[in-house]
Structure formats: C-alpha cells, structure tokens
2 protein chains.
Amino acid sequence: MNLTTRTGTPLRRRSLHEELTEALREMIVSGQLPMGQKVPEKDLCELYGVSRTPLREALKVLATDGLVNLEPNRGAWVSAITVEDLDEMFPVMAALEALAGELACKQITDDEVEAIRALHNRMLGHYKAGELPEYFALNQQIHEAILAAAHNDTLTVHYRSLSTRVRRGRYMANMTRERWDQAMAEHELILDRLAARDGAALSVILKDHLEKTSVTLRESLLGQQGG
Amino acid sequence: MNLTTRTGTPLRRRSLHEELTEALREMIVSGQLPMGQKVPEKDLCELYGVSRTPLREALKVLATDGLVNLEPNRGAWVSAITVEDLDEMFPVMAALEALAGELACKQITDDEVEAIRALHNRMLGHYKAGELPEYFALNQQIHEAILAAAHNDTLTVHYRSLSTRVRRGRYMANMTRERWDQAMAEHELILDRLAARDGAALSVILKDHLEKTSVTLRESLLGQQGG
DNA sequence: GAAATGAATATATAATGCAAAATTAAAAAC
DNA sequence: GTTTTTAATTTTGCATTATATATTCATTTC
C-alpha cells in the first residue's frame with residue numbers, strides 16, 4: 001500500500017484530562033457552572049465517570065486560563081468577572097483584534113473574504129429579524145474568521161483565552177436597540193475595509209468596535225451587580 | 001497582645017504543584033532543561049523529591065504556557081522555538097507592549113518615571129562597559145517596569161507568557177555592535193517619550209523596538225539552526 | 001450568653017499501585 | 001548484513017489510598 005500521499009498525520013490522540021478541560025470549559029462558558037460557585041469535584045467525577053486525578057489536572061489548566069481560582073487547601077471556585085476585570089481585558093482584546101485585522105489584510109484570500117461576507121449576511125438576517133442569540137453566534141464566528149485569516153496561532157490562543165473569559169454569563173443579552181444598530185453598522189465597515197485589504201483602517205475600526213462593546217457589557221454587568 | 005497594626009497578612013501558602021511549576025519554568029528558561037529535550041517524570045520526581053502527581057500537574061500548567069509539549073502516552077518535551085514561532089510571537093508581543101506604553105503614559109507617576117530612569121542609567125553603564133548579560137538583565141527590568149506602570153494584570157500575564165517563551169536559550173548573546181548601539185538609542189527615545197507621557201509616540205517606538213529585536217533574534221536563531 | 005478552645009468531620013493534597021501503552025532489546029527471518 | 005518479529009523493560013495514565021489541612025460543631029470558660 002502506498003502511504004506517501006498521506007500528509008503529516010494529525011491523528012492526535014486525546015487524554016482524559018484534555019477532554020475534561022474542554023468539557024469543563026464549556027460548562028463554565030455556558031453558565032452551567034455559575035460564576036463564583038465552588039467547583040464540586042466529587043459531583044463532576046461522578047458525572048464524567050472519572051477519578052479525581054485527571055479532573056484536578058484539568059482544573060489546574062483552567063486556573064492558568066483564569067476560568068477558575070484555586071485556593072490552596074480550599075479547592076476551586078469558578079472565577080467571577082468584575083467590572084475591573086472587563087476594564088483590564090478589553091483594551092488587551094482590542095489590541096489583539098486590531099493586530100488580527102492588520103495581519104488578515106496582508107494575506108486574506110478572496111475566498112476567505114467571501115466566506116466572511118456570507119457570515120456577515122447571515123448575521124444581517126438575524127439582525128433584521130431581531131434574533132439576538134443567533135446574531136451573537138454569527139458575530140462570534142466572524143471575529144473568529146478574521147482571527148483565522150491572520151494565520152497566527154499565538155495570536156489566536158491569546159485572544160481566545162480572553163474571549164472565553166468574557167463570553168461567559170448572560171449579561172450580553174440586554175443590549176439596547178441603538179447599540180445593536182450601531183454595532184451592525186460597524187460590522188458593515190469591518191467587512192468593507194477587510195475586502196479592501198485596508199489593514200490600517202480595519203484595525204482602528206475593530207479597536208473602536210470592541211471598545212464600544214466593552215462599554216455595553218460594562219453597563220450591563222454594573223446593572224447586574226448593582227440591582 | 002495587639003495585632004491590629006499587622007496588616008492583612010499575605011502568608012499565602014503555596015502548594016507543591018505551584019512551587020514545582022515555578023521551579024520547572026525557571027529550569028526551562030535558564031536552559032537547564034534544553035529545548036527539544038524530553039522531560040522524564042521519574043528523574044524530576046527524584047530531583048525534587050516529590051511524587052508524580054504534583055509534578056504532572058505542573059507539567060499540565062507549563063503545557064498551557066507553551067513551555068512544554070505533552071504527547072499522550074509519550075510524555076513531555078521542552079518545546080523548541082522555531083523561526084516560525086518567533087515570527088508569530090513578536091507581532092503579538094509588540095502589540096501588547098505598545099498597549100503597555102500607552103496605558104503607562106496615562107497614569108505613570110513621577111516617581112515611577114524616575115525609577116525607570118535609574119534602571120535606564122544603570123543599563124547605559126553596562127552598555128558603555130560592554131557588559132552584555134548585565135545589559136540584558138536591566139533591559140528586561142525596564143520593560144517589566146513599563147508593564148507594571150500600565151497597571152493591567154491581564155496585560156502583564158499575557159505579555160509575560162510570551163516573554164518567557166522567547167527569553168529562553170542563549171541566542172540573544174550574539175548581537176552585533178551596530179544593533180546594540182541602535183537598541184540603546186531606541187531606549188533613550190523610550191525613556192524620553194515616557195517622561196513626556198507621549199503615549200502615541202511611545203507605543204510606536206516600542207513596537208518598532210521590538211520588531212527590530214525580533215529581526216536580530218531571528219537571524220541568530222537561523223544561524224544556530226543552519227550552522 | 002458570648003467568646004474561645006478543642007474534637008470530630010469533611011475536604012484537599014500528595015503518594016502509591018496497577019494496567020495500558022510505548023520504547024528498547026533481542027531473536028528470528030529474509 | 002539488514003529487516004522484521006517478538007519479548008522484556010520502561011514509562012505513562014488513571015485510580016486508589018494515605019496524609020495534611022480546613023471547617024464545623026460541641027464543649028468549656030469567662
């Protein structure tokens with residue numbers, strides 16, 4: 001049998017702690033494990049049918065990602081996001097996304113632009129239909145696609161780490177109509193400048209877009225904390 | 001006994017895996033564990049006199065930091081840095097450091113500027129004396145101080161993660177005299193713009209500085225790999 | 001009755017044990 | 001002599017067990 005056509009095998013097997021890390025991350029992001037709550041080791045072990053060793057390994061990883069806090073001899077807590085955290089995280093995310101835009105413009109192909117345009121149009125549909133959750137999902141995908149077009153794994157890893165932490169909770173849901181209109185307009189600009197390969201302008205727009213998103217989230221989070 | 005004068009005791013105890021993580025990180029950064037080499041669990045357990053559980057936890061953490069690679073059922077390897085890695089990492093570091101410069105300018109105190117000036121002058125001394133290792137150490141401290149002045153822990157964590165990965169190895173050592181002169185000149189500018197709280201200019205200079213450093217490292221690494 | 005101490009319980013950490021996989025060494029076949 | 005097979009050894013992954021630490025609750029003392 002000739003195997004030469006088969007290129008560098010991905011075929012990467014996954015270990016238990018890796019799968020657990022992903023599963024737990026998903027549970028935290030989706031809110032199944034609420035912020036501020038203690039991570040119930042025993043229950044999770046039973047839920048996934050594993051012993052505590054791999055679970056604890058997964059928690060160590062999540063701790064470096066900032067999704068849980070480990071208190072020595074006291075266990076793990078799902079980390080809560082404060083307004084101060086957001087104020088710290090968004091400038092960093094904005095800088096990273098601006099870079100992603102710049103890099104993407106340098107090498108993005110027409111096909112990739114068209115794929116993003118397709119996502120954009122679907123998002124536009126959900127916007128017009130007033131379907132907020134679907135809008136958010138597409139919005140997320142577009143930002144991921146820009147990141148992917150930058151072809152820089154390091155950038156992707158760091159951006160995603162922050163994005164995952166921010167994306168938690170449900171406080172995104174209460175976005176005003178005005179802000180939504182504005183965000184959609186910004187996305188038109190993003191697509192336009194990306195198609196034109198105008199990296200300088202795109203990075204400014206992305207930075208600005210994320211800054212405004214930050215303000216929205218901030219107020220929403222404040223509203224939750226205050227009331 | 002009155003204990004009220006004693007302020008909130010840190011006295012934060014550290015667990016074994018935490019200490020191990022730090023120790024191993026230091027071993028990797030210092031080059032005691034050479035890049036590309038396998039990290040046998042058994043040897044390290046004996047070296048530190050611990051069992052495999054906390055060691056393995058530490059390795060998981062280092063893997064998320066990108067300092068080691070874990071291959072399922074095959075163990076841990078100290079991750080090697082390729083030219084491609086550098087090309088990925090430096091734009092991200094540059095973006096983060098530019099942000100640090102901007103943020104620092106917004107709030108840095110005169111005292112903090114003076115502290116950095118002191119570091120700068122010491123570095124200048126080592127530059128004039130041709131003491132490269134001492135120069136590097138101070139150089140590192142200055143960049144850390146700017147980062148600290150930005151007062152953004154998220155930024156610090158992400159920058160440091162990259163900085164730690166890059167700082168490894170000894171390929172920094174062979175810097176040309178021309179590049180050294182240039183780097184020192186750039187540092188004069190950095191200090192100048194920082195003192196003037198000129199965030200926009202500072203971020204540009206920092207970005208440029210890091211880009212040039214990247215070129216130097218790149219060539220040095222290529223020289224190592226090629227010959 | 002409130003505060004403080006100490007015992008009991010619960011929980012977290014780290015060490016050990018065992019099974020599965022991979023590596024190495026040796027033997028057999030070509 | 002080289003390659004392939006097979007066996008032995010080592011190493012890793014996960015579970016279990018033991019120890020250390022924290023928390024709770026009852027008891028004592030003021």
Side-chain angles (χ1 to χ4, degrees), chain A residues 1-4 8-25 27-28 33-34 36-79, chain B residues 1-4 6 8-25 27-28 33-34 36-65 67-79:
Chain A
M1 179 162 54
N2 183 1
L3 292 175
T4 52
T9 120
L11 206 118
R12 187 179 157 66
R13 226 182 328 172
R14 301 167 54 95
S15 49
L16 210 42
H17 74 88
E18 236 177 318
E19 306 224 27
L20 275 172
T21 304
E22 200 173 298
L24 291 178
R25 186 178 282 126
M27 284 187 86
I28 292 172
L33 288 175
Q37 187 183 290
K38 188 159 159 38
V39 180
E41 270 187 31
K42 202 162 81 69
D43 297 352
L44 288 173
C45 286
E46 286 170 13
L47 178 61
Y48 289 107
V50 298
S51 82
R52 290 180 54 209
T53 306
L55 185 84
R56 288 170 56 80
E57 288 173 346
L59 288 175
K60 302 284 177 297
V61 171
L62 292 175
T64 58
D65 278 355
L67 286 178
V68 306
N69 293 325
L70 297 179
E71 291 187 37
N73 297 320
R74 297 199 54 235
W77 270 260
V78 179
S79 66
Chain B
M1 179 161 55
N2 184 0
L3 293 177
T4 52
R6 184 86 170 76
T9 116
L11 204 117
R12 185 180 155 70
R13 233 184 321 170
R14 304 170 49 114
S15 49
L16 213 41
H17 73 89
E18 236 177 318
E19 307 223 29
L20 275 173
T21 305
E22 200 173 299
L24 290 177
R25 185 178 282 126
M27 283 187 86
I28 292 172
L33 287 176
Q37 187 180 293
K38 186 161 158 38
V39 184
E41 287 179 14
K42 200 165 80 72
D43 298 354
L44 288 176
C45 286
E46 287 169 12
L47 179 61
Y48 288 107
V50 297
S51 80
R52 286 174 53 212
T53 306
L55 184 86
R56 286 170 57 82
E57 288 172 346
L59 287 175
K60 301 283 177 299
V61 171
L62 292 175
T64 56
D65 278 355
L67 287 177
V68 306
N69 293 325
L70 297 179
E71 292 186 36
N73 295 319
R74 298 201 51 235
W77 271 262
V78 178
S79 66

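Per chain, numbering begins at 1; letters A, B, ... match sequence-line order. These values consider heavy atoms only, across backbone and side chains, with no hydrogens, waters or symmetry-generated copies.
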Give, for atom [atom1] of [X] and atom [atom2] of [Y], the distance between the pair rounded to the nearest 0.5 Å.
X: A/Thr21; Y: A/Leu59; atom1: OG1; atom2: CG; answer: 8.5 Å
X: A/Arg52; Y: A/Glu57; atom1: CZ; atom2: CD; answer: 12.5 Å
X: A/Leu55; Y: A/Thr53; atom1: CG; atom2: OG1; answer: 9.5 Å

Checklist entry - So do A/Leu33 and A/Pro40 actually touch side chain to side chain, heavy atoms under 4.5 Å? => result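 Answer yes - side chains close enough.
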Query raised in the report: Quick one: is B/Thr53 getting a side-chain N or O under 4.0 Å of the C/dA14 phosphate, OP1 or OP2?
Result: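 Negative; the distance criterion is not met.
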For C/dA14, does either OP1 or OP2 sit under 4.0 Å from a side-chain N or O belonging to B/Ser51?
-> no
Query - salt bridge (charged side-chain N to carboxylate O under 4.0 Å, His left out) involving B/Lys42 - partner list, sequence neighbours excluded - result: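 Per chain and number, B/Lys42 pairs via salt bridge (charged side-chain N to carboxylate O under 4.0 Å, His left out) with B/Glu46.
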Starting at atom [atom1] of [X], determine the distance to atom [atom2] of [N], rounded to an integer number of angstrom.
X: A/Glu19; N: D/dC14; atom1: CD; atom2: P; result: 9 Å
X: A/Leu70; N: D/dA22; atom1: CG; atom2: C1'; result: 16 Å
X: A/Leu55; N: C/dT13; atom1: CG; atom2: P; result: 12 Å
X: B/Leu16; N: D/dT19; atom1: CG; atom2: P; result: 17 Å
X: B/Leu59; N: C/dA14; atom1: CG; atom2: C1'; result: 15 Å
X: B/Arg14; N: C/dT13; atom1: CZ; atom2: P; result: 14 Å
X: A/Leu20; N: D/dG13; atom1: CG; atom2: C1'; result: 13 Å

Please tabulate, one pair per line, each protein N/O and nucleotide N/O from nucleotides 9-12 of chain D that are separated by under 3.5 Å, including the distance.
from   : atom 1 : to      : atom 2 : distance (Å)
D/dT12 : OP1    : B/Lys38 : NZ     : 2.6

Sorted by chain and number, sequence neighbours left out, side-chain hydrogen bond (donor to acceptor under 3.5 Å, both in side chains) with B/Glu22 holds for B/Arg14
